[in-house]
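The structure appears right after this line, and notes come after that.
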Protein chains: 2
Amino acid sequence: MAINLEEQKIREHPLLREWVADAVRDMIAKGKLKPGEHICETRLASELGISRTPLREAIRLLETEGFLHVVPRRGAVVRDISLKDVTEIYEIKAAMEGLSARLAAHHFNKKDVERLKEINNELARLAEKNDVNRFFKMHNQFHDYFLRASGNERLYLLNCSLIEQIHRLRLLSFTLEGRFEEAIAQHERIIKAFEKRDAVLAERLVSENVMMGYRAVVTKLKQTKVA
Amino acid sequence: MAINLEEQKIREHPLLREWVADAVRDMIAKGKLKPGEHICETRLASELGISRTPLREAIRLLETEGFLHVVPRRGAVVRDISLKDVTEIYEIKAAMEGLSARLAAHHFNKKDVERLKEINNELARLAEKNDVNRFFKMHNQFHDYFLRASGNERLYLLNCSLIEQIHRLRLLSFTLEGRFEEAIAQHERIIKAFEKRDAVLAERLVSENVMMGYRAVVTKLKQTKVA
DNA sequence: AGAGTGAAAATTGTATACAGTATACAGGGA
DNA sequence: TCCCTGTATACTGTATACAATTTTCACTCT
């Protein structure tokens, strides 16, 4: 076990600090590190089998990503995701994805539209099989497609860092009744807007699509808070 | 001199890594560290009179802020700001500030509008005195006002980290002929939109205002690239 | 009992030491 | 001349050691 871990560290990440950041993100997502919990550098480092130095560098990264809250000389605590956080993130996400759609629409060609249709067809297949995990991944590909096609690299990266913070909630939101179909239908309208090269419409539809995701996530958030 | 430096480190920053980040940002802004230049941790740390540990933690921060580009096992280099970077930043900034104006408009009251008018009057005074530095600061206060009033803390912080990257260019752009007057005139229209509680108009005007700033910065960028 | 105090333990911040990797350059061969 | 290769050097990545600060908790005094 320990040897496999070592191999994974080396194979997938040339740098320990990145592997550690991934590991800690994962521990937060899986609930192994709970919101509000204080992170003791010494202990966590030894648990991960590394020294404090790469852990500390990973903590700086996770701080800017919003996973941890660091108080000088008192260490890092796992940040809780509140409704307010989710709202803030989605407000920004809606504006940014909308912007990316508008920008992408300007230099979208037939092939791009075809690719989006393929993805949406695949989504329909996965919806029938009720495969939440794969649907989620493919769904992200749909959105990533125009985020990248926008030609604005920062836009894509910013969006990544935003959705990473609510990864778990978003995944959960796809277990809601009718969520698949709703998303697919909206995607179809978005594709039509791209086909017509209607940048303004694409922007509006994508923004609305994001805010639908917001409502789904909020629903799920309230369910889990009660539980 | 060295003693004063020590005092400053302690007084204004309880943490060395933050002081270092500020110092390095400053060195980049002042041209002491030039774009493309490789940062040797050992040398820079000893120049700043500290060890490599806090410097390395500062480098992680400056990397996410976009000031440095880090290649694994080859270290950090100072990132150059290209026209593409400026375009990416302003596209995002326009969308984010526009969003903040829309959000802020919903719960703006008379007092808020009065405050914006005061700031704009002050801007007019500073324009007459041709005080670029103070105009710049006051101008930022104008925009910060509704970024904060939006109630979306992330929006404000994200905007801060964006404009920090182009601080120098923005400041320079205010030396352009007619830049003051243009800004003040647009601010007046924005204030009127807030007065009317017209969120959609406020959003559009603020976006346009940002993109005017973009054009000014691009003009200045081209001037300095030639020089 | 409760507030206050002070020493001990735990934890973070910083410096240094060591290991591994990339770069530069000299020397040899085609 | 050009390319290849091996070695020396410089630099980054990681671990560890030390310093400073915060927290804990027993103890005292009111």
Side-chain angles (χ1 to χ4, degrees), chain A residues 2-24 27-28 33-64 67-79, chain B residues 2-3 5-24 27-28 33-65 67-79:
Chain A
I3 288 167
N4 285 337
L5 208 71
E6 288 301 323
E7 274 185 26
Q8 197 195 344
K9 282 183 200 171
I10 296 163
R11 266 177 217 291
E12 300 189 7
H13 302 273
L15 291 150
L16 228 37
R17 62 172 177 265
E18 288 180 5
W19 177 83
V20 173
D22 284 357
V24 174
M27 290 172 82
I28 294 172
L33 286 173
K34 290 178 187 63
E37 184 174 341
H38 177 91
I39 287 184
C40 173
E41 296 175 2
T42 316
R43 197 170 57 233
L44 185 53
S46 77
E47 271 175 30
L48 294 170
I50 53 153
S51 79
R52 281 177 58 215
T53 310
L55 172 59
R56 282 177 62 88
E57 294 188 1
I59 287 173
R60 303 296 154 251
L61 181 62
L62 294 167
E63 184 187 6
T64 66
F67 288 95
L68 302 178
H69 179 64
V70 176
V71 181
R73 292 180 200 283
R74 291 186 53 184
V77 295
V78 179
R79 274 189 61 166
Chain B
I3 289 166
L5 207 71
E6 288 302 322
E7 275 186 26
Q8 196 195 343
K9 283 183 203 175
I10 297 162
R11 266 178 219 290
E12 301 189 8
H13 302 273
L15 292 159
L16 229 36
R17 61 174 178 263
E18 288 180 5
W19 177 83
V20 173
D22 284 357
V24 174
M27 290 172 82
I28 294 172
L33 286 172
K34 289 177 187 65
E37 185 173 342
H38 178 91
I39 288 183
C40 173
E41 296 175 1
T42 317
R43 197 172 57 234
L44 185 53
S46 77
E47 271 176 31
L48 294 170
I50 53 154
S51 79
R52 280 176 59 214
T53 309
L55 172 59
R56 282 177 63 88
E57 293 188 1
I59 287 174
R60 303 295 154 250
L61 181 62
L62 295 167
E63 184 188 5
T64 66
E65 284 179 357
F67 286 96
L68 302 179
H69 178 65
V70 176
V71 181
R73 297 182 196 282
R74 291 186 51 185
V77 295
V78 180
R79 274 190 61 167

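Every chain is numbered from 1 and lettered A, B, ... according to where its sequence line falls, protein lines coming before strand lines.
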request  = Starting at atom CD of A:Glu63, determine the distance to atom P of C:dT12, rounded to an integer number of angstrom.
outcome  = 14 Å
ask   = Separation of B:Glu47 atom CD from D:dC11 atom P, in whole Å?
value = 12 Å
key: Which residue lies more 5' along DNA chain D, comparing B:Ile39 with A:Arg73 via nearest heavy atoms   = B:Ile39
key: Flag, side chain of A:Glu37 to backbone of A:Lys34, donor-acceptor distance under 3.5 Å   = yes
query = Roughly, in whole Å, what's the span from CD in A:Glu41 to C1' in D:dT16?
reply = 14 Å
task = Taking all heavy atoms of B:Val77 and all of B:His38, pick out the closest pair and write down the distance.
result = CG1-CA, 3.9 Å
query = Counting just side-chain N and O atoms, does A:Arg74 come under 4.0 Å of either OP1 or OP2 of D:dT23?
reply = yes
request  = Determine the minimum heavy-atom distance between B:Ala21 and B:Ala58, stating which atoms define it.
outcome  = N-CB, 3.8 Å
Any residue of residues 51-62 of chain B with a heavy atom less than 4.0 Å from an atom of DNA chain C = B:Ser51, B:Arg52, B:Thr53, B:Pro54
message = What is the distance, to the nearest angstrom, from the CG atom on A:Leu16 to the P atom on D:dT16?
response = 12 Å
ask   = How long is the line joining CZ of A:Arg43 and P of C:dT11, in whole Å?
value = 6 Å
key: Minimum-distance pair of heavy atoms, taken over all atoms of A:Leu55 and A:Glu41   = CD2-O, 3.4 Å
query = Within the pair A:His38 and D:dT23, is there a side-chain N or O less than 4.0 Å away from OP1 or OP2?
reply = no
task = For A:Leu68 and A:Ala76, work out which heavy atoms get closest and say how close.
result = CD1-CB, 4.2 Å
key: Whole-Å gap separating P (D:dA20) and CG (B:Leu15)   = 15 Å
key: Verdict with reasoning, A:Leu48 to A:Trp19, per side-chain contact (heavy atoms from CB on, under 4.5 Å)   = CA-CA 10 Å; A:Leu48 294 170; A:Trp19 177 83; 4.2 Å; yes
ask   = Rounded to whole angstrom units, what separation is found between the CD1 atom of B:Ile50 and the P atom of C:dT16?
value = 11 Å
